[in-house]
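For the numbers below, each heavy atom of this structure counts, side chains included, while hydrogens, waters and symmetry mates do not. In what follows, chains carry the letters A, B, and so on, assigned in the order in which the sequence lines appear, proteins first and then strands, with residues in each chain numbered from 1. Please read these numbers as outputs of a predicted model, since none were measured by experiment.
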Amino acid sequence: MRLSRFPLSTTKETPSDAEVVSHQLLLRAGFIRKLGAGLYTWLPIGLRVLKKVENIVREEMDRAGALEVLMPTVQPAELWQESGRWEVMGAEMLRLKDRHKNDFCYAPTAEEVITFHVRQDIRSYRQLPVNYYQIQTKFRDERRPRFGLMRGREFLMKDAYSFHMDADDLSREYYNMREAYIRVFTRLGADFRAVQADSGNIGGAMSEEFHILANSGEDLLAVAEGGTYAANVEAAECKPGGSRAAASAALERVSTPDQKTCEQVSKFLNVPLTGKVKLLVVRAAEGQPHKLIAIALRGDHQLNEIKAGKHPKIASPLTLANPEDVQAAFGCETGYLGPVNCPIPLIADHAAAAVADFVCGANENDHHLKGANWGRDAAEPEVADLRMIAEGDPSPDGVGTIKFYRGIEGGHVFQLGKKYSKAMNLTVLDAQGQAVTPEMGCYGIGVSRLVAAVLEQRHDANGMIWPDSIAPFRVIVCPIGMDKSEAVKTAAEQLYADLTAAGVEVALDDRGQRPGSMFADADLIGIPHRVVIGDKGLANAQFEYKHRRADKAEMIPATAEAVLEKLRG
RNA sequence: CGGGGCGUAGCUCAGCUUGGUAGAGCGCUUGCUUCGGGAGCAAGAGGUCGCAGGUUCGAAUCCUGUCGCCCCGACCA
């Protein structure tokens with residue numbers, strides 16, 4: 001490609017409304033332009049990268065045996081009403097009406113549509129298993145689109161849906177997809193982790209997310225140092241620790257005026273946070289004897305709202321009680337709650353239940369209790385895993401110690417089970433002629449998000465640093481004084497022709513720019529290999545070669561073969 | 001959805017407090033010089049000041065409404 005006919009619109013200035021590096025660079029380098037909140041146009045150079053990511057995903061899905069289809073982005077409401085999600089999905093689903101006033105949505109995902117088609121076409125166990133995928137635009141009306149491509153509203157996604165006669169075959173395909181994802185992320189040149197995940201409201205059992213590690217990531221990951229365990233903190237289990245020590249202290253009521261937080265009380269009474277038990281009050285699930293329920297946590301621990309929300313006695317999604325209701329139930333402010341004489345049902349986290357001689361609120365304003373003990377001062381509590389895992393905790397699988405990382409979710413694999421096949425009456429006949437409801441899996445990759453996520457890892461002060469696999473061009477040829485020197489012009493044109501003939505994607509910077517701006521653009525758009533051709537080098541029959549990551553350039557023979565050698569190496 | 005902020009040239013922003021001829025830098029056009037890390041000089045083009053009302057002799061500036069966008073929080077296959 002000749003850059004004289006491939007306009008780059010790069011800027012020196014960083015757009016003010018771009019927060020994260022990837023968003024800044026994508027705008028500065030002219031890869032994308034904003035059309036509205038969470039809506040971006042891909043310009044020619046950016047689209048080249050997006051298409052390459054898309055093709056890597058396509059190749060690996062094909063290699064894994066999945067079959068590509070293309071479904072409409074506008075879907076009839078009836079299908080969503082069948083699955084029940086027309087009501088469940090909130091404002092994040094964009095709803096439309098056609099001229100006949102019929103309801104539609106702009107696809108946020110496609111479980112319903114694919115299940116509908118499989119119901120039409122698949123009748124026999126002989127036709128299963130099958131795994132259909134598409135690479136298609138999705139729209140989710142996020143409450144708060146942000147970070148450019150990382151959380152856009154319209155985005156490009158690869159979504160795959162598999163159908164199986166039984167759970168074992170679903171499990172087999174799940175691991176098949178997992179392997180395909182590992183190949184995709186590896187080819188993108190990304191530092192990534194597959195982590196255990198919460199399956200959210202899409203439903204299902206087994207689920208893992210693929211995260212690209214980056215400080216700007218929106219998710220927090222618990223990864224075992226010295227082990228293999230990795231989980232999104234939302235999903236990370238906490239195993240019960242050691243047994244509780246025997247009670248040794250007497251119960252004592254102490255005055256703690258205006259000491260409402262655990263930190264304040266801990267400091268005021270000079271006891272460690274780990275020796276305190278705190279109480280949170282949340283709404284109880286429907287049908288529970290009391291509308292509120294108390295959760296006891298150790299002072300240094302945080303509530304895991306996802307795990308707690310799944311507890312059968314706790315309302316889902318987890319909802320904190322409002323302060324008036326707490327006041328009415330306990331007769332004191334929220335800063336002084338404790339398990340001793342707790343007026344409502346209580347569930348304790350494992351760790352909170354393992355503390356002896358603890359400090360807690362006295363259920364009376366401005367007072368706490370010291371030396372409190374389960375089984376003596378407070379009833380032995382029901383225990384559950386309710387807390388957020390913490391850095392330094394032992395890994396739940398017993399190997400290693402937990403350290404936190406931030407990650408950008410680039411892919412997600414789920415075992416859905418029968419949630420949609422059942423809701424939408426999908427059945428096939430098995431070998432005995434019996435109707436069976438197939439098991440489903442679903443597997444997503446955020447294709448456009450991956451472009452930004454890779455960039456979060458691969459950049460420096462001068463701009464982007466693409467791996468060869470997804471770079472907009474592999475090589476950029478920068479001729480110095482092309483319009484002055486016939487020798488430079490000839491050599492540049494020859495190299496351009498030779499590399500092109502060799503099947504290398506090469507950009508020839510024939511715009512007649514000064515060297516400084518050529519180099520600045522080449523660095524900003526992140527082309528991995530750069531060849532500079534100037535009269536000085538040509539006098540010695542040499543080109544100058546530099547890898548985008550290298551500190552310095554080196555001289556190589558002035559031949560296409562020498563350049564190709566560098567690309568191989 | 002709650003809180004905060006911003007809409008002025010293609011881009012980044014100043015001007016608004018205290019109403020009176022609409023500005024700068026970058027980019028763009030032309031010419032000359034320059035040519036190995038975003039060149040210099042000179043000339044030039046380019047703006048319904050988001051939109052709609054209102055106050056006023058006069059509104060980018062003050063008031064009301066409205067739309068859009070950004071940030072923090074809550075939320076999120």
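Atom CG in A:Leu35 sits roughly 14 Å away from atom P in B:rG68 (whole-Å rounding). In this structure, A:Lys12 atom NZ and B:rG37 atom P are separated by 14 Å, rounded to whole Å. Between A:Phe147 atom CZ and B:rC69 atom P there is a gap of 17 Å when expressed in whole angstrom units. Residue A:Arg548 contributes atom CZ, which lies 12 Å from atom C1' of B:rG37 at whole-angstrom precision. Atom pair A:Asn322:CG and B:rG2:C1' shows a separation of 16 Å (rounding to whole Å applied). B:rC76 atom P lies 13 Å from atom CG of A:Asp219, rounded to whole Å. Taking atom CG of residue A:Asp509 and atom P of nucleotide B:rG38, one finds them 15 Å apart after rounding to whole Å. B:rC76 atom P lies 14 Å from atom CD of A:Glu409, rounded to whole Å.
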Donor-acceptor pairs are to be reported for all side-chain atoms of residues 88-95 of chain A against protein atoms at under 3.5 Å, with residues two or more places apart or in another chain.
unit_1: A:Arg95; atom_1: NH1; unit_2: A:Trp86; atom_2: O; d: 2.9
unit_1: A:Arg95; atom_1: NH2; unit_2: A:Trp86; atom_2: O; d: 3.3
unit_1: A:Arg95; atom_1: NH2; unit_2: A:Met89; atom_2: O; d: 2.7
unit_1: A:Arg95; atom_1: NH2; unit_2: A:Gly90; atom_2: O; d: 3.3

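B:rG27 makes up no base pair with any nucleotide shown, lacking Watson-Crick or G-U wobble contacts both under 3.5 Å. Nucleotide B:rC62: paired with B:rG54 (Watson-Crick or G-U wobble, both distances less than 3.5 Å). For B:rU18, there is no paired nucleotide, since no Watson-Crick or G-U wobble pair has both relevant distances below 3.5 Å. B:rG2 and B:rC72 make up a base pair, with Watson-Crick or G-U wobble contacts both under 3.5 Å. Base pairing annotation: B:rC32 forms a Watson-Crick or G-U wobble pair with B:rG40, both donor-acceptor distances under 3.5 Å.
Side-chain contact, A:Asn232 with A:Gln196: no donor N or O sits under 3.5 Å from an acceptor N or O. If you check the side chains of A:Glu173 and A:Asn176, you find a donor sitting under 3.5 Å from an acceptor.
Heavy atoms of A:Asp159 sit nowhere under 4.0 angstrom from any nucleic acid atom. Within the 4.0 angstrom heavy-atom criterion, no nucleotide atom of any strand lies near A:Arg33. Using a 4.0 Å heavy-atom distance criterion, A:Tyr161 is classed as making no nucleic acid contact.
Residues satisfying the side chain to side chain donor-acceptor pair (under 3.5 Å) test with A:Arg183, not counting sequence neighbours, are A:Glu60.
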ask   = Between A:Lys419 and A:Glu111, does a salt bridge (charged side-chain N to carboxylate O under 4.0 Å, His left out) hold up when you go through it step by step?
value = CA-CA 10 Å; A:Lys419 178 169 174 174; A:Glu111 282 85 4; over 6 Å; no
* **Intermediate values then yes/no, ring-ring contact (aromatic ring centres under 6.0 Å, His included), A:His412 and A:Tyr181** => CA-CA 9 Å; A:His412 203 156; A:Tyr181 275 36; 9.6 Å; no
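Comparing B:rA39 with B:rG46, their C1' atoms sit 24 Å apart, to the nearest whole Å. If you take atom C1' in B:rG19 and the same atom in B:rU61, they sit 6 Å apart, rounded to whole Å. Distance noted for atom C1' between B:rU48 and B:rG7: 15 Å (whole Å). Using C1' as the reference atom, B:rC28 and B:rC75 are 44 Å apart when rounded to the nearest Å. If you take atom P in B:rA52 and the same atom in B:rC70, they sit 23 Å apart, rounded to whole Å. Rounded to whole Å, the C1' atom of B:rG54 lies 33 Å from the corresponding atom of B:rU12. When the P atom is compared between B:rU18 and B:rG2, the two are found 31 Å apart, to the nearest whole Å. The separation of B:rU55 from B:rU64, taken at their P atoms, amounts to 15 Å, rounded to a whole angstrom.
The distance from the CZ atom of A:Phe139 to the CZ atom of A:Arg153 is 4.5 Å, given to the nearest 0.5 Å.
In this structure, A:Arg530 fails the cation-pi test against A:Tyr545, since its NZ or CZ atom is not both closer than 6.0 Å to the six-membered ring centre and inside 45 degrees of the ring normal. Under a cutoff of 6.0 Å and an axis angle of 45°, A:Arg449 and A:Phe155 do not form a cation-pi pair.
Side-chain to base pairing of A:Asp521 with B:rG38: one donor and one acceptor N or O lie within less than 3.5 Å of each other. Side-chain atoms of A:Arg146 stay outside donor-acceptor range of the base of B:rC71, with no qualifying N/O pair under 3.5 Å. Residue A:Glu13 places a side-chain atom within donor-acceptor reach of the base of B:rG25, judged by atom type and a 3.5 Å distance cut-off alone.
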Counting primed atoms, P, OP1 and OP2 as sugar-phosphate and everything else as base, the B/S/- map of nucleotides 31-36 of chain B against protein heavy atoms under 4.0 Å is ---BBB
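Between A:Gly38 and A:Glu305, it is A:Gly38 whose nearest contact on RNA chain B lies nearer the 5' terminus. Taking the nucleotide of RNA chain B with the nearest heavy atom to each of A:Lys34 and A:Met157, the more 5' of the two is matched to A:Lys34.
Distance from the side chain of A:Glu92 is smallest for B:rC76 among the nucleotides B:rG37, B:rC75, B:rC76.
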